[in-house]
Each structure stands twice: as C-alpha cells, then as structure tokens.
Protein chains: 2
Amino acid sequence: MTAPAQLDSVDLAILRALQNDARITNRDLAAAAGIAPSTCLDRVARLRSCGVITGSATKIDPAALGRPLQAMLFVRVQPHRRELVDPFVQHALAQPETRAVFHLTGPDDFLVHVAATSAADLQRLVLDEFTARQEVALVHTTLIFQQWDGGPLLPPRVSRP
Amino acid sequence: MTAPAQLDSVDLAILRALQNDARITNRDLAAAAGIAPSTCLDRVARLRSCGVITGSATKIDPAALGRPLQAMLFVRVQPHRRELVDPFVQHALAQPETRAVFHLTGPDDFLVHVAATSAADLQRLVLDEFTARQEVALVHTTLIFQQWDGGPLLPPRVSRP
DNA sequence: GCTGAAAAATGATAGAA
DNA sequence: TTCTATCATTTTTCAGC
C-alpha cells in the first residue's frame, strides 16, 4: 500500500495534471505525460494502488454557497488524552461548518478550519459547539481574510533511469 | 458569476456526491440526485457558471510522495502593507512544500501549510525561505500530528420550491 | 425536465518493438 | 516495460419533446 514510491518524470507529469484537474480524460492525461493512453492507465492504477493517489474532490467556493465567513479556531483540550481527543475530533468533523481539523504540536492542540454563514453563526459555533464542551479549555478565533491553494504537490526527487 | 445561488435539494445532492468523488460519472451522479442524466449535466453546468463549482483536484498522500512531515508556519510581516503582502504570498506559493496560504486577522498575519521531506528540509524552508526575507518579522513553526478532511461543504439553507 | 439516438471515451486485449 | 491497434461497453452529448 504505502511503498516508498519510486517515481519518475512521467509520474510527475501525471500527478501534476491530475491535481490540477481530476476530470481530465485519460487521452489528454497521456498526451500531457507524453505516453500512450494504455500506459497511462497502468501508471494511474499503480499510483492509486501505491497509495499516492487517495481520491478526488470537486472544489467549491464557500462564499457562493452562502458561507462567506471563514475562520480558524485554535482549541486547547484539557487534559490532552486520547480518550478526549477522539471524541473532540469527531464532534468537530460533525459540524457542517468544518472544512478541516489539524492535530498540532505546541500550546494549542487543534486547529479547526471552518466556513460560517455569518458572524452570528460563527459565534454560535464557537460558544455552543466548542467552548461549551467539557474537555475544551480554550478557543481562540481568527478570521481568514483570503486564502490561496498551493500548486500541485510533487515528490522532492525524481528517479532518472 | 457569483450569484447568491438559490440551491435546492437536487443541487445539494449533486454537490455532496461531487465533493466526495470528482470522477463520478454523470450517469451515477444523476442517479444519486434522482434526476435524468441530461438534467444533471445542466445542473452541474449551472453550478459551474454560478461560481459554486470552481474546479476539481486529485487528492494525494504527501507521505507516500516523500513528504512525511507537515507543518503550519505562523508568519508575522512587518510592516503589514499591501506592497509587502503580495510578494510574500507569491514567494510562499512558489515553494514546492507549500500546500496552502491563509491571510489571517490577529497578531500572526499568515498561516502557511507546508509538507516537508524531513526536519532538515523544514528547517531550511523556515530559515532560508521565510525568516531570511526582509519583510518577515517572525516565524512560528508547529508540526501537524494528524489531519482530517471535513465532510462536503453544503449550503446552510436549501430552498424548497 | 425527460427521452433516445449519435458520438466519444473508456477499459481490456493481443501482438510487436 | 511500453507502445500500437482494435473493439465491446459504457458514457456523454445534443437533438426534439
């Protein structure tokens, strides 16, 4: 499943194109990678079975959906034990506002990325769904002015056979 | 382009399925939404032209790619002026380790999500690519133990015609 | 919003470089 | 391994209703 993944420049081209557009046709993907369509199918299947490709997702604009206010919630859990960590994560993921949850090192244990419908919705989320919980010692809320997606994630080194 | 987007329960089903798997066939998507395939095509085209759907991406496992160490960099820029903000963001996005950049309210101006190949790579990134820059006053580095993707992002209210 | 026929893409196969 | 070529099947498209 999770091999060290020896990737060459063809895999790199495939990964670059697929991260940019998950719905690219196999024909176009093969052309972008400079290989035959049948070979391209094999390559993608291999990347999938190696665990490099884990899935695909359609990207959505939260503002266009009616969720114009995004924020980061820094959450401190007390005590910081596994019995409390797992339920907290599940509860955070169960909120419709939650986009992602990160378990971090440092004074703040969790970072929760949320997309709220309004300041009132954000306030309710923080007070009723997070601060109100027994294990939550502290929530620090920060608004997101703007965000940018990084380019395609690529392997640090490419084997050149 | 960016209309208030009046979405009904069919759009909601489409958005849910598409966020879960961008490569779902239109046939299966139509079945999931309970409409005819041709109607489904129209709906998706409308969601795209309304700006709700902005694109698609294949999901990659950074660890399988050789980037097992993810971190959040909290960056303070001094002075916090637009002439310095834009170049900083461009430089952050130009790094192969960068997954996302957030411009935040609060004492830390930016949050940069990165995927490094090793602790040495992370150290180099922080010291040589961020701290070394004139406008960067402070970088605080936090490791990511684990992360979870939220469920599909859905509109807060659904019009019921 | 639906139906159905035409067009295109896919996935699989076999054989050769 | 990878490529070329082929083909049945599935999927998308685009009329018209």
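Letters A, B, ... mirror the listed sequences (proteins, then strands); counts begin at 1. Since we're looking at a predicted model, the values are computed, not measured.
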S.K.: Just the rounded figure in Å: distance from P of dT3(C) to CG of L41(B).
M.R.: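 Rounded to whole Å, this separation is 15 Å.
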
S.K.: Just checking I35(A): base, sugar-phosphate only, or nothing, at a heavy-atom cut-off of under 4.0 Å?
M.R.: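 Sugar-phosphate contact only - I35(A) comes under 4.0 Å of backbone atoms but never of a base.
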
S.K.: Tell me which nucleotide among dA9(C), dT2(D), dG1(C) gets nearest to the side chain of R46(A).
M.R.: dT2(D)

S.K.: Which residue, T25(B) or T39(A), contacts DNA chain D at a nucleotide closer to its 5' end, judged by nearest heavy atom?
M.R.: T39(A)

S.K.: Return the value, rounded to whole Å, for the distance between atom CZ of R27(A) and atom P of dA7(C).
M.R.: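 It works out to 16 Å between those atoms.
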
S.K.: When the nearest nucleotide of DNA chain C is assigned to V10(B) and to R23(B) on a heavy-atom basis, which residue is associated with the more 5' position?
M.R.: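 This one resolves to V10(B).
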
S.K.: Whether the S56(B) and D21(A) side chains hold a donor-acceptor pair (N or O, under 3.5 Å, no angle test) is what I'd like checked.
M.R.: yes

S.K.: Take atom CG of D42(B) and atom P of dT13(D), then tell me their distance rounded to the nearest Å.
M.R.: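 D42(B) atom CG is separated from dT13(D) atom P by 11 Å.
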
S.K.: Separation of I24(B) atom CD1 from dT12(D) atom C1', in whole Å?
M.R.: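 That distance rounds to 15 Å.
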
S.K.: Is the shortest side-chain N/O distance from R43(A) to OP1 or OP2 of dT2(D) below 4.0 Å?
M.R.: yes

S.K.: Looking only at side chains, do Q70(B) and H113(B) share a donor and an acceptor under 3.5 Å apart?
M.R.: yes

S.K.: Using the ring centroid of each side chain, check whether F88(B) and F110(B) are separated by less than 6.0 Å.
M.R.: yes

S.K.: Closest nucleotide of DNA chain D for D28(B) versus for A36(A): which of these residues is on the 5' side?
M.R.: A36(A)

S.K.: Looking at side-chain heavy atoms only, is the closest gap between Q78(A) and E135(A) below 4.5 Å?
M.R.: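 No; the side chains remain at least 4.5 Å from each other.
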
S.K.: Assign S38(B) to base, sugar-phosphate, or nothing according to its heavy-atom contacts below 4.0 angstrom with the strands shown.
M.R.: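 Base contact.
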
S.K.: Between N26(A) (CG) and dT12(D) (P), how many Å, whole number?
M.R.: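 Whole-Å distance recorded here is 15 Å.
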
